[in-house]
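Proteins come first, then strands; the chains are lettered A, B, ... in the order of their sequence lines, and each starts at number 1.
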Number of protein chains: 2
Amino acid sequence: MSKDSSRSQFNSITIIDVAREAGVSYGTVSRVINDSPNVKEETRERVKEVIDRLGFVGNRNARSLVSGKSHVIGLLIPDLGTAYIGEIIRGIDYELESIQYNLMLYTTHRREMKESGYISSLIQSGVDGVILILPRNPAIYLEKLRSLNFPYVLVDHQGIDEQGPAVGATNYQGAFDATEYLLELGHRRIAFITGTMDLGCSQERLLGYKAALQKHQIPFTPEWVIEGDFEQATGYSGAQTLMSLVNRPTAIFASNDMMAFGVMNAVRDMGLKIPGDISVIGFDDIFQSSQTMPGLTTVRQPLEQMGREATRMLIAMMKENTIKPGKIELPTRLVTRDSCKPLEAIQGN
Amino acid sequence: MSKDSSRSQFNSITIIDVAREAGVSYGTVSRVINDSPNVKEETRERVKEVIDRLGFVGNRNARSLVSGKSHVIGLLIPDLGTAYIGEIIRGIDYELESIQYNLMLYTTHRREMKESGYISSLIQSGVDGVILILPRNPAIYLEKLRSLNFPYVLVDHQGIDEQGPAVGATNYQGAFDATEYLLELGHRRIAFITGTMDLGCSQERLLGYKAALQKHQIPFTPEWVIEGDFEQATGYSGAQTLMSLVNRPTAIFASNDMMAFGVMNAVRDMGLKIPGDISVIGFDDIFQSSQTMPGLTTVRQPLEQMGREATRMLIAMMKENTIKPGKIELPTRLVTRDSCKPLEAIQGN
DNA sequence: GTGAAAGCGCTAACAG
DNA sequence: CTGTTAGCGCTTTCAC
């Protein structure tokens, strides 16, 4: 039981065993496996029967070696365990399933340095393409990917000038809508907590916020903009800072829902009520946002669909063996729940 | 630019190119790559220099084909986007990094049927071992894995009689502790919302709950036990059912934190207060549990460490090429926050 | 339609 | 210490 431990102990039976058993050459078995049209129907049936009977599965590595395709794509993500990433991956999975591709996972755990190292490792491991979710400093390795003509798609990092293949949501418009909604509710002192500013989506949201203010001729007040990092904790501390200003805002717009939760907790910990004392709005519409008390008004991003679109783009690129620039922006939508209130109501409180 | 599109367009340079450039045989290059001791230091340096200069990376598929090892492990999970899974994966990643292994991800999205299909696909794709997190019906394919002597580790599915390699937490003890805590607070009418009962951990938690009641000579009341499924929604509906009983409980113990959040929402929606009107306790201690208002008292599972231990076991098995039965149970710990209150206080409310 | 055979890039056993 | 070589399991011409 430790004699045959040398190689590939698992799929022990090979194409040759099948060929012998079916009385054909192994080339023919290969044709059957690959649905080649040049096989007599009768032969095909016989071979298939043997394949089933023997439980032949085929060696992926051998196939990949000769064909140059691994049928695996790499997925580079900052972290797991946020509903945000989970929903995107659901979309990716969905599309991959239809073309029988597998997913190799590379989690950077937010250590920027790891990203470019992973890219090499990823190319080396022979994946056919890669999806980069919320990449940190893609510029470093994007050039490499491009020069290799290695298929990739960026998700949620449409750097303002980036022309490469990317999918994202209408961050600018979404932030604009949220801000305008608050303005229409009568708010004039609207604070904004940004995401990590090296991410395109964060920059665009800030721009949308500013544009809405400008459209309504509300002067931009720098002290009402706090730099956050998409984590709950900075939402919490940001709200504390904001609420301690002499000229405190009447509404806080957080760049994502997690930070909005932090804001809600901070506000509550100060003994204030939402939306009674202050209105709060988020971005993403992750699952939990409908579960909080009060429900969080937020900008919905079609995350699963973003995953789907990114995968479709990648598949197309892998098929044509070329990188096709072009970015897709999926529409966001304001989801109103109970965390915002007209300003009059707040003043009368 | 579409001529050379046949195979392996990316790592174009091979061991042979390196050998030619370094003026050695390619066998020697292979030795250098594999840190074979039988290489003159000078030769080794020269080859390494060429490897760096040419940017040689090596073809994983070819290596895997001949060596029979892919340096990839498979991870089968029900779903993504829950903090629970994310923390376990963090632990897995951590251990894998040290031995330079990659992770192939198979998400079942809670479709039971997919599990056993994935197992075949997974063996076929040549992973060296597999970690199964919260598997649904592992019995179906566990036998197959065992007969193939395919290294695997179960996480959080210590079926009561399962002897195979597994890691989990002290579910029984954790549930016992939580229940006893409530009893010591004076509660006598303690409800319990189970997890999915086909999971060993759910069964053990129920047993722990019952055992604590018994120890304190509190009769077990079937109507206070609701079957849940670890999702927030069943916590919500379970609490509604419980609170509408004529003989309603004074405390609810949910088998995980997500369901406890559902309970909290339901209770609030009925206009009741936590812990003023009812005490709530959870299980897991995911990140958000410290962020709710009030903070959720819960049983902490060392999730990241569970991922680490599982990976270590798997690595050992892959090394020795054999399945070693034995399960590891990591200790849970009661984390008290503000969602529970002594019974007297509740009655006096 | 089908068989034969040339590799894919690499490891490892065998000589020397 | 280093070169040579036999495959790993499969795809894909090239004949017939």
> Between B:Asn59 (CG) and D:dC10 (P), how many Å, whole number?
Replying inline: 17 Å

>> Both B:Gly27 and A:Ala62 contact DNA chain C. Which one's nearest nucleotide lies toward the 5' end?
In response: A:Ala62

> Quick one: B:Phe56 CZ to C:dG9 C1', roughly how many Å, whole number?
Replying inline: 8 Å

> Is any side-chain nitrogen or oxygen of A:Ser25 closer than 4.0 Å to OP1 or OP2 of C:dA4?
Replying inline: no

> Which part of the nucleic acid, if any, lies within contact of A:Val29, taking any heavy atom under 4.0 Å across all strands shown: a base, the sugar-phosphate backbone alone, or nothing?
Replying inline: nothing

>> Counting only side-chain heavy atoms from C-beta out, which of C:dT11, C:dG3, D:dG9 sits nearest to B:Val66?
In response: C:dT11

>> What residues from residues 30-50 of chain A pass a heavy-atom cutoff of under 4.0 Å to DNA chain D?
In response: A:Ser30, A:Arg31, A:Asn34

> Quick one: A:Ile16 CD1 to C:dG3 P, roughly how many Å, whole number?
Replying inline: 14 Å

> At what distance, to the nearest 0.5 angstrom, does CD1 of B:Ile77 lie from CD1 of B:Ile89?
Replying inline: 4.5 Å

>> Determine whether A:Asn61 and B:Arg60 satisfy the following criterion, side chain to side chain donor-acceptor pair (under 3.5 Å), listing intermediate values before the conclusion.
In response: CA-CA 8 Å; A:Asn61 289 126; B:Arg60 278 275 237 293; over 6 Å; no

> When rounded to the nearest 0.5 angstrom, what is the spacing between OH in A:Tyr152 and CE in A:Met317?
Replying inline: 7.0 Å

> Name the one of A:Arg308, A:Arg312, A:Glu329, A:Met306 that satisfies side-chain contact (heavy atoms from CB on, under 4.5 Å) with A:Val167?
Replying inline: A:Met306

> For A:Ile15 and D:dC10, what is the distance between atoms CD1 and P respectively, to the nearest whole Å?
Replying inline: 5 Å

>> One pair to check against salt bridge (Lys or Arg N to Asp or Glu O under 4.0 Å): B:Lys48 and B:Glu45. What are the steps and the verdict?
In response: CA-CA 5 Å; B:Lys48 279 191 167 167; B:Glu45 290 311 320; 5.4 Å; no

> Where do A:Arg90 and A:Asp93 land on the salt bridge (Lys or Arg N to Asp or Glu O under 4.0 Å) test, with the steps shown first?
Replying inline: CA-CA 5 Å; A:Arg90 190 192 306 274; A:Asp93 264 348; over 6 Å; no

> A:Tyr26 OH to C:dA4 P: how many Å, rounded?
Replying inline: 10 Å

> Rounded to whole angstroms, how far apart are CG on A:Asp17 and P on D:dG9?
Replying inline: 9 Å

> For A:Arg63 and D:dC10, is the shortest distance between a side-chain N/O and OP1 or OP2 below 4.0 Å?
Replying inline: no

> Got a sec: does the CD of A:Gln100 have more than 12 other heavy atoms crowding it under 6.0 Å?
Replying inline: no

